[in-house]
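Heads up: the structure comes next, in structure tokens.
So you know, we letter chains A, B, ... as the sequences are listed, proteins then strands, and number each from 1. Below, each value reflects all heavy atoms present in this structure, side chains not excepted, and no hydrogens, waters or symmetry copies. Given the structure is predicted, the values throughout are model-derived calculations rather than measurements.
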Amino acid sequence: MDELAIAGRRFGSRLILGTGGAANHAQLADAITASGTELVTVALRRVDPAAAGSVLDVIERCGVGVLPNTAGCRTAEQAVRTARLAREAFATDWVKLEVIGDEDSLLPDPVELLDAAETLVGEGFTVLPYTNDDPILARRLEEAGCAAVMPLAAPIGTGLGIRNPHNLALICEQAEVPVICDAGIGTASDAAQAMELGCSAVLLATAVTRAADPALMARAMREAVSAGRAARLAGRIPRRPLARASTSFEGIADL
Amino acid sequence: MDELAIAGRRFGSRLILGTGGAANHAQLADAITASGTELVTVALRRVDPAAAGSVLDVIERCGVGVLPNTAGCRTAEQAVRTARLAREAFATDWVKLEVIGDEDSLLPDPVELLDAAETLVGEGFTVLPYTNDDPILARRLEEAGCAAVMPLAAPIGTGLGIRNPHNLALICEQAEVPVICDAGIGTASDAAQAMELGCSAVLLATAVTRAADPALMARAMREAVSAGRAARLAGRIPRRPLARASTSFEGIADL
Amino acid sequence: MDELAIAGRRFGSRLILGTGGAANHAQLADAITASGTELVTVALRRVDPAAAGSVLDVIERCGVGVLPNTAGCRTAEQAVRTARLAREAFATDWVKLEVIGDEDSLLPDPVELLDAAETLVGEGFTVLPYTNDDPILARRLEEAGCAAVMPLAAPIGTGLGIRNPHNLALICEQAEVPVICDAGIGTASDAAQAMELGCSAVLLATAVTRAADPALMARAMREAVSAGRAARLAGRIPRRPLARASTSFEGIADL
Amino acid sequence: MDELAIAGRRFGSRLILGTGGAANHAQLADAITASGTELVTVALRRVDPAAAGSVLDVIERCGVGVLPNTAGCRTAEQAVRTARLAREAFATDWVKLEVIGDEDSLLPDPVELLDAAETLVGEGFTVLPYTNDDPILARRLEEAGCAAVMPLAAPIGTGLGIRNPHNLALICEQAEVPVICDAGIGTASDAAQAMELGCSAVLLATAVTRAADPALMARAMREAVSAGRAARLAGRIPRRPLARASTSFEGIADL
Amino acid sequence: MKFALNGRAHDGPATVADAVRSALGAASAAASGRGIAVAVNGEVVPRSEWHRPLRDGDAVEVLTATQGG
Amino acid sequence: MKFALNGRAHDGPATVADAVRSALGAASAAASGRGIAVAVNGEVVPRSEWHRPLRDGDAVEVLTATQGG
Amino acid sequence: MKFALNGRAHDGPATVADAVRSALGAASAAASGRGIAVAVNGEVVPRSEWHRPLRDGDAVEVLTATQGG
Amino acid sequence: MKFALNGRAHDGPATVADAVRSALGAASAAASGRGIAVAVNGEVVPRSEWHRPLRDGDAVEVLTATQGG
């Protein structure tokens with residue numbers, strides 16, 4: 001059985017779903033179910049007395065795990081404090097660590113990110129850092145004790161797909177923790193490609209939650225991740241510049 | 001139920017498998033089964049008294065349909081004669097029409113191909129032409145009465161994936177018969193992308209039969225075609241140059 | 001001296017400029033001069049009594065050659081008749097042969113194009129056919145006696161650059177007449193890439209005539225074509241998946 | 001006059017040449033001359049009593065400036081010490097700052113690089129850091145007082161060209177110091193593309209020094225950089241999915 | 001005394017628990033306080049210490065889960 | 001008799017040369033007729049035969065160079 | 001008389017059926033002749049006409065299915 | 001006393017200048033010492049201080065320009 005293991009925890013699904021962007025809780029529940037995911041992300045925000053129900057109810061009903069993120073944090077200190085609050089609120093020491101450099105690109109700040117990762121690992125957190133596609137930073141995060149590294153395909157919400165397959169492949173070759181492609185996935189073939197490059201899993205939100213039909217796209221992503229994983233394991237044919245006949249010319253009739 | 005219809009015949013699977021390149025009949029049978037295909041191609045060659053069993057036995061056991069091809073033909077006349085012989089041998093008037101321009105690239109000869117298509121349509125054949133990715137030739141083949149058009153992703157057996165997505169998309173937009181991406185697929189994400197571009201089905205052989213694990217790659221292709229189809233129907237998010245937060249900044253804590 | 005020879009006529013410049021799209025004759029003259037071209041295309045249209053001056057005056061002042069095209073023709077007959085009229089009007093038997101399949105894509109019709117080429121070669125024309133990027137059609141045009149083949153980079157006026165470098169390279173490898181990349185070039189790097197792939201020259205119009213500063217873009221194209229040609233002849237380094245130090249580690253200090 | 005200014009120093013050429021990889025001093029001198037560069041890089045290594053002549057002699061003869069690098073350094077401390085030694089040896093406070101994360105990818109270490117840049121800026125160096133294509137790190141280097149940022153196209157010596165044009169464009173949009181594309185360029189069109197994306201200059205070594213004909217490739221790069229710069233300034237046409245006629249249909253004859 | 005609760009100024013004596021109640025209002029989570037975390041001046045205050053009185057100038061954040069990517 | 005000149009209906013007897021003159025009007029090319037080609041019913045009529053009278057129903061095209069890609 | 005069978009020269013009088021039998025040899029399809037097609041000089045000979053005698057110089061092709069893409 | 005010069009062990013009393021001379025040997029740069037920099041234990045030693053005697057265990061690096069990217 002080809003399971004994914006992160007920090008010793010086993011998952012049958014290699015798709016992690018972000019809950020951001022869903023139009024409502026019903027649509028979110030359908031998407032979670034269709035995706036087959038076992039782990040979804042949530043953010044921590046000020047309580048809203050006017051809020052009708054909590055995303056936690058949806059997650060509980062779907063019977064999936066929760067992965068709090070530190071979305072919106074700009075400094076290591078903010079992210080560390082947010083992670084501590086998330087641990088208190090959700091009784092989990094897992095965190096999707098996000099420390100962004102600016103609000104236009106939402107790209108990670110490598111220095112603050114590494115700093116926060118080191119602190120949180122030291123406090124016993126299971127840290128899954130959202131990082132850029134730099135193989136060196138990925139290794140330093142692994143060396144800092146992160147349970148996985150989560151390089152982006154492209155900036156959050158862009159749907160541009162894998163901008164730099166070469167870097168993603170380098171990261172996968174060298175990593176000894178799971179590599180989870182996080183952010184920038186736009187459609188099913190992007191998710192399949194991430195797995196073919198050697199990723200252990202894919203994390204995506206917008207591609208599903210903002211699709212015209214989120215539940216159908218969720219199913220597409222489930223199949224694509226599974227297809228990409230199988231293709232990786234099956235050993236693809238080499239790319240060749242010239243054609244190679246799939247039908248032999250031997251025994252061809254003289255007509 | 002999202003079925004594929006070619007010339008009025010309905011298929012639950014959108015994957016057509018070529019049988020060329022399989023190491024042996026057992027491996028072929030496993031791949032056919034794992035792929036979920038309902039239609040496989042065969043070629044016509046001189047009988048070989050030494051042959052141990054026939055590919056037809058495999059196909060029969062798998063309970064799938066047979067699509068004869070005219071692989072190796074260089075002229076319209078050869079291809080037409082081969083199609084007539086295939087009709088006699090397999091009691092089907094369906095034919096994958098292949099007329100190649102040379103044996104290095106195995107690329108179709110547009111003039112001979114169109115000529116053969118017109119003749120065979122006139123003789124009542126159901127013609128599925130293997131063509132290049134030229135939108136004009138695709139339309140002329142459709143106007144000639146072909147039941148589908150089968151543009152290549154890349155030359156046969158190269159595994160290069162979709163060389164020109166722009167042309168493939170143009171063909172899909174204009175065609176009123178099914179567009180089947182034929183040849184050049186290397187891995188699962190290629191097949192998913194073909195479907196996302198608007199293809200109705202994918203035909204591949206080498207990518208599965210010459211993979212290290214043909215049955216596993218066949219499963220990958222089945223899932224990839226299904227994923228790509230679902231993604232197409234689900235309405236993907238637009239590509240945007242700048243990031244868009246999947247987590248709102250609203251209500252963010254001041255930490 | 002690295003000259004281009006087409007049908008025995010020698011050119012110092014490997015850039016052919018289309019005159020379509022220029023805002024006015026002054027701008028066109030500046031662009032022609034800045035481009036360093038020795039050959040420009042014109043179309044044949046009904047005389048317009050209201051026309052202020054002729055594009056021929058511009059061409060004469062710039063001292064460059066004229067290459068009539070058959071733009072807008074949909075059938076071989078129209079194209080052949082247009083070529084004959086162009087020969088009468090401009091006293092040249094050179095023609096850029098264009099036979100389009102539809103007016104949305106402006107893509108060539110392979111069958112009509114080949115038919116027209118055969119007729120015109122038979123009538124002693126020097127035929128430069130605008131074709132798609134199909135290596136087989138390119139070879140058939142060469143076999144028909146065309147003086148060059150002019151595959152597109154992308155559809156006319158799209159500025160998408162080279163959609164299928166693989167096909168363009170195949171055409172260049174096999175052709176024994178000059179290969180001129182015609183249509184679809186958007187910017188300088190596209191033109192350089194066409195030459196690096198093995199093209200003997202580049203033909204473009206829109207990229208220069210509709211640029212914000214046509215004369216400056218014309219200069220850019222002149223330099224890009226020259227750069228791409230030189231890079232091709234200079235023998236580029238191989239692409240390698242892993243890094244290779246340009247600075248030796250030998251003798252590095254222990255600091 | 002379109003000059004490049006770095007830290008107030010003006011350059012007519014936008015090409016910086018690395019001297020690594022040249023087979024001998026004569027070949028290097030020819031390449032420097034053909035490239036038109038005004039600035040070349042050198043490394044600092046232990047003196048070799050057996051060395052026949054110094055690269056400094058070549059540089060002096062060519063009358064170009066020298067830019068010492070810190071190639072091979074793995075830590076901020078090594079790089080800072082190397083820069084100080086270079087200042088002593090070459091009487092220049094300019095330094096190409098290179099701090100690599102490992103010797104396979106030769107990719108920069110973001111944390112050590114930023115640390116070294118801050119120290120050297122504090123000591124009055126004019127710091128030109130070789131960095132990855134992360135827009136956040138580029139901005140932090142600029143904020144640290146670097147005189148330019150030098151993001152890579154691809155890993156050193158790979159010749160893969162621009163792996164992530166999207167990131168390079170983001171860096172160029174936001175930077176207020178010159179952006180110099182450094183490393184990974186393979187051929188002329190790569191250099192032109194870097195300039196079209198908004199880079200102020202290109203730094204390359206291997207692409208020229210290891211080409212079959214270094215001097216010819218150097219000329220190609222000079223023209224390509226100039227072409228790309230002009231194309232950027234000239235305002236390229238937009239990319240459009242559908243064709244746009246460069247020849248009007250108006251007044252077309254009825255033939 | 002004054003304190004800030006989720007960015008808004010509040011007045012008068014209060015414990016952390018008071019602040020949580022006032023922040024939650026009618027919110028569904030109110031009952032259990034499930035999925036809630038509290039920070040005072042950036043540091044977590046575990047449920048076991050919610051009886052703690054706030055000090056003048058304290059900044060209280062009462063947070064819970066929202067959809068996030 | 002009737003003939004079409006560059007798509008427009010014309011009347012009365014005329015030679016090819018007449019048609020050319022009427023098509024060119026004031027156009028600069030008029031003088032020399034340089035860069036001009038004429039087709040009657042799709043076939044080229046060389047300058048040497050412009051004296052030829054048109055026949056009823058003839059379609060005359062008088063063409064010259066325009067900007068083109 | 002001489003004829004070619006799948007590219008090899010053969011001798012002596014024969015019908016199409018004879019040729020098929022000799023081509024098939026021990027091949028599994030032999031029994032049924034299932035999945036077999038025959039061309040003489042490029043044209044299909046339906047099973048119903050296999051009794052037809054071959055003529056001198058005939059080129060006979062006996063074909064069946066093989067793996068193909 | 002012992003010191004390391006460009007990674008090799010050396011013996012006996014010496015100044016920085018001695019070390020430089022021995023490192024340069026016949027190298028062309030010798031004359032001027034142009035384009036040379038010296039570090040002792042990682043720190044630059046400016047030319048003006050080359051007269052300085054080395055201490056036991058010093059690591060001396062005598063560096064110059066080489067081709068580099």
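A donor-acceptor pair under 3.5 Å is absent between the side-chain atoms of Thr66(G) and the main chain of Leu44(B), judged by distance alone. Side chain of Glu88(B) to main chain of Arg47(G): a donor-acceptor pair is present (N/O by atom type, distance under 3.5 Å, no hydrogens or angles).
Heavy-atom distances place no part of Val20(G) under 4.5 Å from chain B, backbone and side chain included.
Between chain G and the options Leu17(B), Leu56(B), Thr82(B), heavy-atom pairs under 4.5 Å are most frequent for Leu56(B). Interface remark: of the candidates Gly18(B), Ala183(B), Ala89(B), Gly21(B), Ala89(B) forms the most heavy-atom pairs closer than 4.5 Å to chain G. No other option in Asp182(B), Leu203(B), Val42(B) has as many heavy-atom pairs under 4.5 Å with chain G as Val42(B).
Ion pairing of Glu43(G) with Arg84(B) is present here, as a side-chain N (NZ or NE/NH1/NH2) and a carboxylate O approach within less than 4.0 Å.
Under the side-chain hydrogen bond (donor to acceptor under 3.5 Å, both in side chains) criterion, no residue pair touches residues 25-45 of chain B, with sequence neighbours excluded.
Proximity to chain G at a heavy-atom threshold of 4.5 Å picks out Asn69(B), Arg81(B) from residues 61-81 of chain B, in numerical order. Below 4.5 Å, heavy atoms of chain G meet heavy atoms from Lys96(B), Glu98(B), all part of residues 91-116 of chain B. Within residues 204-212 of chain B, the residues that have a heavy atom under 4.5 Å from a heavy atom of chain G are Ala205(B), listed by number.
For the atom pair CD1 of Ile36(G) and CZ of Phe90(B), the computed distance is 8.5 Å after rounding to the nearest 0.5 Å.
The neighbour count for Arg8(G) CZ, taken as heavy atoms of other residues, nucleotides or ligands under 6.0 Å away, does not exceed 12.
Just one residue in the list Val40(B), Leu28(B), Val58(B) forms a side chain to side chain contact (heavy atoms under 4.5 Å, CB included) with Gln67(G), and that residue is Leu28(B).
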